[in-house]
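The chain is numbered in sequence order, starting from 1. All figures in this text were calculated on a predicted structure; none of them were measured in a lab.
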Amino acid sequence: MSDPVQLSKNIARLSRLELPGAGQVCVAGKYAYVGHIPNKAQLGTSIVDISDPRKPVVVSQIHLDDPESHTHKARVVGDIMIVNNERNMTRIGRKAEELPGLRARLRETLGRDATHAELAHALNVDAADIPKVEEAERRPYDRGGFKVYDISDKTRPRLLVHQKTGGIGVHRFDMDENYAYISTEMDGYVGNILVTYDIRDPSRPEEVSRWWIPGQHIAGGETPAWSGRRNRLHHALRYGDELWAGLWHGGVAVIDVKDIRKPATLGSFNYHPPFPEPSHTFMPLEQPIGGRRIALAIDEEDHAHDDEELDRRRGRPHGCLWVLDVTDLSNIKALSSYEVSELDSPWSRATPGRFGAHQFQEQRRGTLVYCAWFAGGLRVVDVANPMSPREAGYFIPHPAAGKAAPQTNDVFVDDQHRIYMVDRYAGFDILEHT
């Protein structure tokens, strides 16, 4: 396909590594840490020397010995690296969890045990998949959690502990010198909740508190007012004595952690419905603007697997960036949103893939926000006027080999405003804002 639009503005590429697809990139000092999405080589994490940003060099890689799990997120503080451990998405998915209740219901309805074909129809899988579902029922996943590594020698990361959690494990998270703020499933809850661990002794993480959306704690007698796991913690970021949380279809929330053992909700805001895409990340700006405290939220575009799904998306808003007034946390208000036109990427309607927003950098850089926009590439947005965000630059990479569209997934911006970007399919780019 010829490029119908310009692919960059005010952004220049310094270098590129053809690493496997990634979920997150984190930079600390002279190294970048890349957490990989499931891949044939079972590559979990790459450590890259970026001391010369024009010639990045992989210095070590961690491969997984568990084909059912992935570690696509990584964060580093000092000589400690934490990666998530989460079950891979498969065709079987959560079908094994549904099987006992489904058998009982069908037995009551049919007056006999259901056949494989009847179970498959009810579960929306092939009859040939039922033995796999039954095997997953017999051997439930028990490796969810996070792993802590000593990376004082970047060429030889050393595993200190695999901290188990629950369910399918840990998704995204935050950390500092003292605590890890983990988004994970736990027994007795529906969907991911916040579990905070004391990591001052990194080889022995200690749980210190939990926070959840009212309704998630089903073992405690709560009943969710939503279906399934739609409302859950995606992840929470610590700024000062507050955690800023994206809650998927539950919107966003700010959590007081002055007493780390007693997290308390300071305020929340949910714009679902009518907006269909789930809230991914929530972050306050460093400084007030015009006497108001301002925050940013970004939604994650869902999948378009084929042309039929793309047709169903037409007329529906894409995932976007939100600008919010959070001066009064008991009355959070939306001020504006920023969206990228489908005309602004040659791959906006390519399938399979996604076009809209996903994630922004979690490092506060004045009023500039650097957004990973799936097939829209990197979008740089200036929110100096919170009522009218404006584009300050962009960079759209070409698709990875054999793929229909780029899928820009995560971005990190260092103190020199150098930009590090990864793609879900393949590629690690180092860019600069010109």
Side-chain angles (χ1 to χ4, degrees), residues 16-29 31-50 56 58-89 143-151 154-155 157-163 165 168-176 180-184 192 199 202 234-237 246 280-281 300 358-363 372 374 400 407-414 419-430:
R16 178 178 175 87
L17 278 179
E18 292 299 334
L19 291 176
Q24 185 174 27
V25 55
C26 170
V27 172
Y31 296 89
Y33 303 84
V34 178
H36 294 287
I37 283 170
N39 56 83
K40 292 180 180 178
Q42 288 187 229
L43 176 59
T45 311
S46 294
I47 300 179
V48 184
D49 184 338
I50 54 169
V58 175
V59 296
S60 62
Q61 293 183 314
I62 300 171
H63 288 80
L64 306 178
D65 57 6
D66 171 16
E68 291 188 76
S69 304
H70 59 269
T71 60
H72 69 319
K73 301 296 186 343
R75 287 189 183 274
V76 170
V77 173
D79 287 332
I80 297 300
M81 177 175 73
I82 294 181
V83 302
N84 68 323
N85 214 76
E86 187 177 40
R87 191 182 72 186
N88 295 335
M89 300 294 289
R143 294 174 294 286
F146 60 94
K147 295 178 178 179
V148 184
Y149 288 87
D150 178 339
I151 53 165
K154 305 298 186 289
T155 66
R158 182 168 62 90
L159 179 64
L160 297 176
V161 65
H162 178 180
Q163 177 67 43
T165 55
I168 68 167
V170 173
H171 194 61
R172 208 170 175 109
F173 59 95
D174 197 10
M175 67 180 290
D176 53 37
Y181 311 95
I182 301 293
S183 172
T184 183
N192 285 41
I199 56 168
H234 188 272
H235 70 299
L237 300 171
H280 189 279
T281 308
E300 177 174 353
H358 180 222
Q359 165 71 343
F360 49 59
Q361 96 286 352
E362 296 172 352
Q363 307 75 49
F374 285 128
Q407 292 288 269
T408 303
N409 200 74
D410 195 54
V411 57
F412 189 106
V413 181
D414 69 14
I419 306 155
Y420 305 84
M421 185 175 81
V422 291
D423 187 283
R424 289 183 70 85
Y425 291 144
F428 167 58
D429 286 298
I430 303 179

So Y149 and T45, do their side chains get closer than 4.5 Å, heavy atoms only? no
Going by distance alone, is a donor N or O of one side chain under 3.5 Å from an acceptor N or O of the other, for H234 and N192? no
Please list, chain by chain and in numerical order, all residues satisfying ring pair (Phe, Tyr, Trp, His ring centres under 6.0 Å) with F173, sequence neighbours excluded. none
CG-CG distance between D423 and D410, expressed to the nearest 0.5 angstrom: 11.5 Å
Is any side-chain heavy atom of E86 closer than 4.5 Å to a side-chain heavy atom of V170? no
Side-chain donor or acceptor of H36 paired with backbone N/O of P20 under 3.5 Å: yes
Donor-acceptor under 3.5 Å (N88 side chain, P67 main chain): yes
Are the side chains of Q163 and I199 in contact, using a 4.5 Å heavy-atom criterion? no
At their closest point, which heavy atom of G169 faces which heavy atom of T184, and how far apart are they? O-OG1, 3.2 Å
N84 pairs by side chain to side chain donor-acceptor pair (under 3.5 Å) with which of H72, H70, R172, H171? H72
The test is side-chain contact (heavy atoms from CB on, under 4.5 Å); show your working for H280 and H235 and say whether it passes. CA-CA 8 Å; H280 189 279; H235 70 299; 4.0 Å; yes
Beyond-backbone contact of M421 with V25, side-chain heavy atoms, under 4.5 angstrom: no
Under a plain distance cut-off of 3.5 Å, with no hydrogens placed, do Y181 and D176 share a side-chain donor-acceptor pair? yes
Within this structure, what is the NE2-CG distance for the pair H162 and D66, rounded to the nearest 0.5 Å? 8.5 Å
Check whether any side-chain heavy atom of R75 lies under 4.5 Å from a side-chain heavy atom of D174, and answer yes or no. yes
What's the separation between atom NE2 in H358 and atom CD in E300, rounded to the nearest 0.5 Å? 3.5 Å
Look up atom CG in D150 and atom CE in M81, then write down how far apart they are to the nearest 0.5 Å. 10.0 Å
In short, V83 meets A74 closest at the heavy-atom pair CG1-CB, 3.9 Å
Starting at CD1 of I82, measure out to NZ of K73 and round the result to the nearest 0.5 Å. 14.5 Å
Nearest heavy atoms of G29 and I50, plus distance in Å: O-CD1, 4.3 Å
V161 and L159 have their tightest heavy-atom pair at O-CD1, 3.5 Å
Kindly indicate, with the supporting measurements, whether the criterion side-chain contact (heavy atoms from CB on, under 4.5 Å) is fulfilled by L160 and I80. CA-CA 9 Å; L160 297 176; I80 297 300; 4.0 Å; yes
Can you check whether L19 reaches V48 side chain to side chain, under 4.5 Å on heavy atoms? yes
If every non-hydrogen atom of Y425 is compared with every non-hydrogen atom of A400, which pair is closest and at what distance? CB-CB, 4.0 Å
Going through the distances and angles, do Y31 and V76 end up as a side-chain contact (heavy atoms from CB on, under 4.5 Å)? CA-CA 10 Å; Y31 296 89; V76 170; over 6 Å; no
Determine the minimum heavy-atom distance between A32 and V27, stating which atoms define it. CB-CG2, 4.1 Å
Are any non-hydrogen side-chain atoms of I47 and Y33 less than 4.5 angstrom apart? yes
Would you check if V411 and Q363 make a side-chain contact, meaning some heavy-atom pair closer than 4.5 Å? no
Intermediate values then yes/no, side-chain contact (heavy atoms from CB on, under 4.5 Å), K154 and D79: CA-CA 9 Å; K154 305 298 186 289; D79 287 332; 3.9 Å; yes
Backbone N/O of Q24 and side chain of N409: donor-acceptor pair under 3.5 Å: no
Hey, what do you get for CD (Q361) to OH (Y420), rounding to the nearest 0.5 Å? 13.5 Å
